[in-house]
Q: 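Please read through the structure below; I'll follow up with questions.
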Amino acid sequence: MIEYENLGRANSPFFREYFKALKKAIKGGWYILGNEVSSFEKEFASYIGTSQCVGVASGLDALILAIDALDLPKNSEIIVPSNTYIATIISIIRCGHIPILVEPDIRTYNIDPLKIEEKITSKTKAIIVVHLYGKACEMDPILHICNKYNLRLIEDCAQAHGAMYKNKKVGTFGIGCFSFYPTKNLGALGDAGAITTNDEILANKLRALRNYGSFKKYYNEYVGYNSRLDELQASLLRIKLRDLDKINNHKRRLAKIYHENLSDKFIKPVVHPDFFDVYHIYNIRHPERDKLKDYLLKNGVKTEIHYPCPPHKQKAMELYLTGDYPISSEIHETTLSLPISYFHKEKDILTVCKILNKF
Ligand SMILES: *Cc1c(COP(=O)(O)O)cnc(C)c1O
């Protein structure tokens with residue numbers, strides 16, 4: 001059986017260092033907002049290439065705090081891709097704003113820059129781009145639109161730690177929101193997240209917001225949140241961060257094997273020199289996706305679907321999202337995610353290719 005993911009196996013190269021770090025952090029006796037968090041923030045900012053990083057409790061919270069910190073007028077319209085994980089859209093609704101969906105480019109699965117302008121109104125205040133599956137969005141035209149209409153830019157980087165557009169890492173173009181959910185390329189052993197920015201004033205506001213809106217203990221400036229990255233997770237993230245490039249390169253190597261060995265009857269992710277992809281997910285598309293998934297399982301290969309139901313068809317979104325998004329629907333009906341974990345070997349991927357090509 002070739003598993004889709006196995007976090008025990010994927011994390012096992014780090015176990016020895018993890019145990020050492022945990023022992024130190026536990027014995028240290030300081031568990032919230034201490035040296036591990038501030039050191040991780042410095043190291044992650046330096047990795048991404050921003051001056052600031054603020055650790056928070058999850059990827060969803062990173063998005064919510066980032067939107068909240070912008071102080072947009074209530075019911076502002078925020079542009080967001082129709083093809084994303086539900087968290088991106090929930091963050092907009094949770095902050096009292098209106099998500100305006102824009103269809104993806106069917107080749108990249110990311111927001112189609114050519115379809116953004118037609119959705120902009122006088123109430124539009126921000127764009128949230130999502131670098132889905134570990135591929136950066138096409139940032140030049142998006143940055144041009146943000147400048148032209150004076151829109152704030154938030155990046156959902158939850159699937160794209162280390163991904164680049166024209167040699168610039170995601171999380172440096174706008175306000176970068178990261179998740180360290182255990183399955184992500186930089187995964188903790190629990191929930192965790194972070195926000196990156198070059199704006200020191202904004203970063204300080206975010207530091208207050210994550211901690212009850214307080215700059216000074218027991219004095220509260222904002223109606224804040226309890227959304228702190230904790231010391232234990234930060235101590236683990238510091239260890240894994242040192243090997244993030246190794247993890248990304250491993251996944252890129254496995255993706256290359258799929259790319260070179262899979263038959264053209266499957267639609268594969270596009271590869272283009274402007275984009276440095278980190279393959280949080282390696283997806284293919286096929287009109288008989290469900291049959292293909294069953295066939296693979298019968299032949300000992302586990303797969304996943306990211307995602308089976310698009311945001312605009314979710315029950316939770318009934319009151320918030322209307323209209324048809326055929327490109328997004330098409331992706332959700334045909335996409336299949338193949339094994340591409342840190343523990344997979346090149347021969348595992350060749351086996352998957354061989355089985356797939358016989359379908
Ligand atoms: C995982 C993910 C999130 C949410 O992250 P959590 O840490 O689970 O809150 C947000 N957006 C995208 C695109 C994600 O993949």
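Just follow the structure's listing: the first ligand is 1, and inside any ligand the first atom is 1. All values below come from the heavy atoms of this structure, side chains included, with hydrogens, waters and symmetry mates left out.
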Q: If you measure every N/O of Q159 against every N/O of ligand 1, is any gap under 3.5 Å?
A: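 Yes, Q159 has an N/O under 3.5 Å of an N/O on ligand 1.
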
Q: Considering only protein heavy atoms, which is closest to atom 13 (C) of ligand 1, and at what distance to one decimal place?
A: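 Looking only at protein heavy atoms, the one closest to atom 13 (C) of ligand 1 is D156 OD2, 3.5 Å.
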
Q: Just need the protein heavy atom nearest to atom 8 (O) of ligand 1, so name the residue and atom and give the distance.
A: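 Ranked first by proximity to atom 8 (O) of ligand 1 is Y181 CD1, 4.0 Å.
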
Q: Establish, yes or no, whether the cationic atom of K298 lies under 6.0 Å from the six-membered ring centre of Y295 and within 45° of the ring axis.
A: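 No.
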
Q: Would you call N110 and P104 a side-chain contact if the rule is heavy atoms closer than 4.5 Å?
A: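 No, too far: nothing below the 4.5 Å cut-off.
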
Q: Please find the pair of heavy atoms, one from L101 and one from K119, that lie closest to each other, and give the distance.
A: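 In terms of heavy atoms, the two residues are closest at O-NZ, 2.6 Å.
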
Q: Determine the sole option in L70, D71, D68 for which the side chain to side chain contact (heavy atoms under 4.5 Å, CB included) test with K205 is passed.
A: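 Answer after filtering L70, D71, D68: D71.
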
Q: Cation-pi check, K265 to F359: give yes when NZ or CZ is under 6.0 Å from the six-membered ring centre and within 45° of the ring axis, no otherwise.
A: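 So K265 doesn't make the cation-pi contact.
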
Q: Only heavy atoms of A158, strictly under 4.0 Å: list the atoms of ligand 1 that pass.
A: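 Matching atoms, with element in brackets: 2 (C), 3 (C), 10 (C), 11 (N), 12 (C), 14 (C), 15 (O).
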
Q: Around atom 1 (C) of ligand 1, find the nearest protein heavy atom and jot down its residue, atom name and distance.
A: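 The protein heavy atom lying closest is K184 NZ, 1.5 Å.
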
Q: According to side-chain contact (heavy atoms from CB on, under 4.5 Å), who are the partners of K123, at least two apart in sequence or on a separate chain?
A: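 Once residues adjacent in sequence are excluded, the partners of K123 under the side-chain contact (heavy atoms from CB on, under 4.5 Å) criterion are E77, I98, T121.
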
Q: Does L63 reach ligand 1 with a nitrogen or oxygen that is under 3.5 Å from one of the ligand's nitrogen or oxygen atoms?
A: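 L63 vs ligand 1: no N/O contact under 3.5 Å.
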
Q: Short list, please: which atoms of ligand 1 are under 4.0 Å from a heavy atom of L60?
A: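 Every atom of ligand 1 under 4.0 Å from some heavy atom of L60: 4 (C), 5 (O), 6 (P), 9 (O).
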
Q: Out of A160, S179, A87, P81, who is nearest to atom 7 (O) of ligand 1 when you count heavy atoms only?
A: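 Closest candidate by heavy-atom distance is S179.
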
